[in-house]
2 protein chains.
Amino acid sequence: MDQTQRRRGAALESALLDAAWDELLESGYARLTMEAVAARAQTGKQVLYRRWPNRAELVVAAMRHRTGSIVQDVPDTGSLRGDVLAVLQRMADRFAALGPDLIHGLLSEAPDVSPEITSRMSGVMLAIVLRAAERGEIPSAALPLSVLLAPTNLLRHQMLLTREALEPATLTTLVDDVFLPLAGAGAQATPTS
Amino acid sequence: MDQTQRRRGAALESALLDAAWDELLESGYARLTMEAVAARAQTGKQVLYRRWPNRAELVVAAMRHRTGSIVQDVPDTGSLRGDVLAVLQRMADRFAALGPDLIHGLLSEAPDVSPEITSRMSGVMLAIVLRAAERGEIPSAALPLSVLLAPTNLLRHQMLLTREALEPATLTTLVDDVFLPLAGAGAQATPTS
DNA sequence: TGAATAAGAGACGCAAGGTCTCTTGTGGGG
DNA sequence: CCCCACAAGAGACCTTGCGTCTCTTATTCA
């Protein structure tokens, strides 16, 4: 019964972050308590507070720990439309697992994590658009930032402000009705007239 | 000293909502406490809980009480660009007074107020676009909903996810680079090339 | 092998949401 | 005109959960 195996350093930290992540999935951000995380990790609260100053920081660290690696790669489907759809789909998938409460909770408790959320997006979109311009799909890759981020920002807005699961057409609408026209792809293509 | 004037009914309710609103402006949503609202209104917590089941509902009621009337009228500046800019400016002004914490807090505590936020917007935008089509500024008023709400949704997204005060160019960018091109206004006008 | 460090465990203080109870002013109905 | 049911005002109280403090004990490093 007595474990007498005391974890330390990176191994312990990883266990703590895993516990936090599991609590997040099980209870959501609003119901995640430090006590529960500590209990799940078979330790005390002090071990958590030794590493992260508060609940929000712990959760942010847990998210980075779990999802940090997936963000890097840029989809490459061969077409601008496919690439942007893939990005949106990935956002939607990631969001579906956690729900909007997480973002709202974090942003209302730890205001300084805002940049974290939107930061890497512009790099991804820029890479996609550059490739599309090389391919000749669009006349120029020099899009205003507001256009470049319009689809991802609109999707994020929708996911944050709507409780229902988003219907499949939402993503294609964002790409076909908003982004592609603005990017100047296929001047003759204007669907849903 | 002794007031011995006991408020009742609508008068009392209005005083409660005013107190809540003042607390909101002074402390923000996160730091607004029921105790403080009750104290400011010179009453007890029970009077609050007799009317609203929780903090979030009280705050929503306070917002409706204060801002309910302003939303109705649709700006009419004579041009589509001016109208949309006026709508965005109004959103920005209203938001500036309260900050993003309010929305995040409400949405993480009282998930069922989401529709409240975006509901009336589509009606306003639709009216503006209809007038612009009658004027001949745009070929058709039959825009996809995602286009119709793109500028307001993008602005809301920005205000929610960014802490800094938004720079003046943000609004014009949304109108000139995103909305007007999508609405088909002035096919030759493609600024910021 | 011994001393410094940090893990594990849990008590504690405190703020705030929300409930309960009690007294007392007040307006409406008899 | 008076009485009484209702709700205002006041505050004690319970609970949850964050964050701190303390204490013992395992582990690691010199």
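Numbered from 1 within each chain, the chains take letters A, B, ... in sequence-line order.
Nearest to the side chain of B/Leu12, among C/dG8, C/dT26, D/dG9, sits D/dG9. Closest to the B/Glu35 side chain, of the nucleotides C/dA7, C/dG17, D/dT20, is C/dG17. Comparing D/dA8, D/dG11, D/dG19 against the side chain of B/Gln46 picks out D/dG11 as the nearest. Of all nucleotides listed (D/dC18, C/dT19, D/dA8), D/dA8 comes nearest to the side chain of B/Arg6.
Backbone-only contact: A/Leu32 has heavy atoms under 4.0 Å from sugar-phosphate atoms and none from a base. A/Arg50 comes within 4.0 angstrom of a base, heavy atoms only. Heavy atoms of B/Leu16 sit nowhere under 4.0 angstrom from any nucleic acid atom. Within 4.0 Å (heavy atoms only), B/Arg51 reaches sugar-phosphate atoms of the nucleic acid but no base atom.
For the pair B/Met34 CE and C/dC20 P, the interatomic distance rounds to 15 Å; values are reported in whole Å. Summarising the geometry, the separation between CZ on B/Arg55 and P on C/dA16 is reported as 10 Å, rounded to the nearest angstrom. Rounded to whole Å, atom C1' of D/dA8 lies 13 Å from atom CD of B/Gln5. Going from atom CZ of A/Arg7 over to atom P of D/dT25 covers 19 Å, rounded to whole Å. Per the geometry, CG belonging to B/Leu48 stands 14 Å off C1' belonging to C/dT19, to the nearest Å. The distance from atom CD of B/Glu57 to atom C1' of C/dG17 is 15 Å, rounded to the nearest whole Å. Atoms CH2 (A/Trp52) and P (D/dC18) sit 15 Å apart, rounded to a whole Å. Straight-line distance from the CD atom of A/Glu13 to the C1' atom of C/dA7: 14 Å, rounded to whole Å.
Between B/Glu26 and B/Arg40 there is a salt bridge, since a side-chain N of the basic residue sits under 4.0 Å from a carboxylate O of the acidic one.
Summary of the strand contacts: B/Thr33 and A/Gln42 both lie near DNA chain C, and taking for each the nucleotide with the nearest heavy atom, the more 5' one is attributed to A/Gln42.
Applying the 4.0 Å criterion to OP1 and OP2 of D/dG9, one finds that B/Thr43 has a side-chain N or O inside that range.
Between the base of C/dG10 and the side chain of A/Lys45 there is no donor-acceptor pair shorter than 3.5 Å. At a cut-off of 3.5 angstrom, the base of D/dT28 holds no donor-acceptor pair with the side chain of A/Arg8.
Using a 3.5 Å distance cut-off with no hydrogens or angles, the side chains of A/His157 and B/His157 do not pair a donor with an acceptor.
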Result block: side-chain N/O donor-acceptor pairs under 3.5 angstrom for residues 165-173 of chain A, not counting sequence neighbours:
{"unit_1": "A/Thr170", "atom_1": "OG1", "unit_2": "A/Glu167", "atom_2": "O", "d": "2.9"}
{"unit_1": "A/Thr172", "atom_1": "OG1", "unit_2": "A/Ala169", "atom_2": "O", "d": "2.9"}
{"unit_1": "A/Thr173", "atom_1": "OG1", "unit_2": "A/Ala169", "atom_2": "O", "d": "2.9"}

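Panel note: side chain B/His104, backbone A/Leu106; no donor-acceptor pair is recorded below 3.5 Å.
Legend: residues meeting salt bridge (Lys or Arg N to Asp or Glu O under 4.0 Å) with B/Arg163, ordered by chain and number and at least two apart, are B/Asp101.
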